[in-house]
Amino acid sequence: MFDIDKMMMREAIKQAQLAARKDEVPVGAVIVHHGKIIAQAHNQVEMLNDPTAHAEMIAITQAANFLSGKWLTDCVLYVTAEPCSMCAGALVLSRIQRVCFGAQDPKTGAAGSLWNILDNPRLNHRIEVVRGVLGEECGALLSQFFISKRARNN
């Protein structure tokens, strides 16, 4: 893990905090191209009533638009939680170079926890994965959100 990874994950955490303030599951993502942030997003599933509006999916679309192409070969994704299977599949299809995530997701994680889609030799593209970047901080955001949500629902 490099200092740049921590710095960029802090930017993703800012996006996750924005999601939490909007009562969305606090996941944030940024995509970096040659050291510059070209996309940043947070979950918008509730706001858009769209199960595909995950931070990673929105950031992939923004980055592809910024680069005017579908391949993100020279890009790195920083995301506060381990990508799910949908997001992992989209990352493989985008041919992103590297994914750094914070909190592991033992229930739906597709970057090594439950499945390993990002580094699967049966697929046409394999992604370098860095796990646990500011993982405790990212995990605490998620835990606090769900504790608060359960308290409000009771």
Side-chain angles (χ1 to χ4, degrees), residues 1-20 24-46 48 50-143 145-146:
M1 178 176 10
F2 305 104
D3 286 341
I4 186 83
D5 293 341
K6 290 180 182 176
M7 184 174 81
M8 293 302 172
M9 187 60 76
R10 290 194 196 294
E11 294 301 316
I13 288 170
K14 289 177 188 175
Q15 288 294 313
Q17 291 167 334
L18 181 58
E24 295 278 356
V25 174
V27 176
V30 298
I31 295 180
V32 175
H33 181 255
H34 298 297
K36 178 184 174 197
I37 295 174
I38 61 168
Q40 51 189 343
H42 59 276
N43 276 2
Q44 296 180 41
V45 171
E46 302 302 326
L48 298 176
D50 180 355
T52 69
H54 290 197
E56 301 96 309
M57 300 295 283
I58 296 167
I60 289 167
T61 299
Q62 289 175 0
N65 285 334
F66 180 87
L67 296 172
S68 300
K70 60 186 176 181
W71 306 133
L72 305 181
T73 53
D74 294 327
C75 295
V76 179
L77 169 73
Y78 295 90
V79 61
T80 57
E82 182 176 0
C84 69
S85 56
M86 173 185 68
C87 295
L91 290 161
V92 169
L93 292 173
S94 77
R95 290 182 172 70
I96 202 157
Q97 178 183 10
R98 188 167 174 256
V99 170
C100 297
F101 70 83
Q104 290 188 283
D105 184 349
K107 291 184 180 179
T108 65
S113 289
L114 185 60
W115 296 290
N116 194 352
I117 292 173
L118 299 182
D119 190 26
N120 189 315
R122 295 174 292 176
L123 298 176
N124 67 330
H125 179 70
R126 297 173 82 184
I127 300 168
E128 177 188 345
V129 178
V130 178
R131 295 166 178 84
V133 179
L134 302 180
E136 286 185 23
E137 190 173 341
C138 294
L141 272 173
L142 287 161
S143 295
F145 175 80
F146 287 113

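Computed from a prediction, not measured in an experiment: that's the story for all the values here.
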For the OG1 atom of Thr52 and the CD1 atom of Ile58, what is their distance to the nearest 0.5 Å?
8.0 Å
For the atom pair CG (Asp74) and CD1 (Ile96), what is the distance rounded to the nearest 0.5 Å?
10.5 Å
Start with the C-alpha distance between Leu77 and Phe101, add both sets of side-chain angles, then the distance that settles side-chain contact (heavy atoms from CB on, under 4.5 Å), and finish with yes or no.
CA-CA 8 Å; Leu77 169 73; Phe101 70 83; over 6 Å; no
Rounded at 0.5 Å granularity, tell me how far CE in Met9 sits from NZ in Lys6.
11.5 Å
Please check: side-chain N/O of Glu24 versus main-chain N/O of His42, any donor-acceptor pairing under 3.5 Å?
no
Where do Asp5 and Tyr78 come nearest, in terms of heavy atoms and distance?
OD1-OH, 2.8 Å
For Ala29 and Ala59, which heavy atoms make the closest approach, and how far apart are they?
CB-CB, 4.3 Å
Tell me if a side-chain donor or acceptor on Asn43 pairs with a main-chain N or O of Pro26 at a distance below 3.5 Å.
no
For Ala111 and Leu118, which heavy atoms make the closest approach, and how far apart are they?
CB-CD1, 3.6 Å
Donor-acceptor pair, Ser143 side chain versus Ala140 backbone, under 3.5 Å?
no
Does the Glu82 side chain pair with the main chain of Asp105, one donor and one acceptor, at a distance under 3.5 Å?
yes
Could you walk me through whether Leu123 and Ile117 satisfy the side-chain contact (heavy atoms from CB on, under 4.5 Å) test, starting with their C-alpha distance in whole Å, then the side-chain angles of each, then the deciding distance to 0.1 Å, before giving a yes or no?
CA-CA 8 Å; Leu123 298 176; Ile117 292 173; 3.9 Å; yes
Counting C-beta onward and ignoring hydrogens, is there a side-chain heavy-atom pair between Cys100 and Met8 closer than 4.5 Å?
no
So, for Asp119 and Pro121, which heavy atoms are closest and what is the spacing to 0.1 Å?
O-CD, 3.5 Å
So do Asn124 and Arg95 actually touch side chain to side chain, heavy atoms under 4.5 Å?
yes
Kindly say whether Gln40 contributes a backbone atom to a donor-acceptor pair with the side chain of Gln62 at under 3.5 angstrom?
yes
Exercise: identify the closest heavy-atom pair between Cys87 and Met57
SG-CG, 3.8 Å
To the closest 0.5 Å, what do you measure between CZ (Arg10) and CG (Leu134)?
5.0 Å
Determine the minimum heavy-atom distance between Ser113 and Pro106, stating which atoms define it.
CB-CA, 4.1 Å
CD1 (Ile31) and OG1 (Thr61) are apart, to the nearest 0.5 Å, by 8.5 Å
Would you say that Asp50 contacts Gln44 through its side chain, given a criterion of any heavy-atom pair below 4.5 Å between the two side chains?
no
Would you say the side-chain atoms of Thr80 pair up with the backbone N or O of Gly28, donor to acceptor, closer than 3.5 Å?
yes
dist Met7:CE -> Ile37:CD1 (nearest 0.5 Å) comes out at 7.5 Å
side-chain contact (heavy atoms from CB on, under 4.5 Å), that's the test. Do His33 and Leu72 meet it? Break it down for me.
CA-CA 8 Å; His33 181 255; Leu72 305 181; over 6 Å; no
Kindly indicate whether the side chain of Phe66, heavy atoms from C-beta on, has any atom under 4.5 Å from the side chain of Lys36.
yes
Quick check: do Val27 and His54 have side-chain heavy atoms less than 4.5 Å from each other?
no
With Cys138 as reference, evaluate Val133, Val79, Ile13 under the side chain to side chain contact (heavy atoms under 4.5 Å, CB included) test and give the passing residue.
Ile13
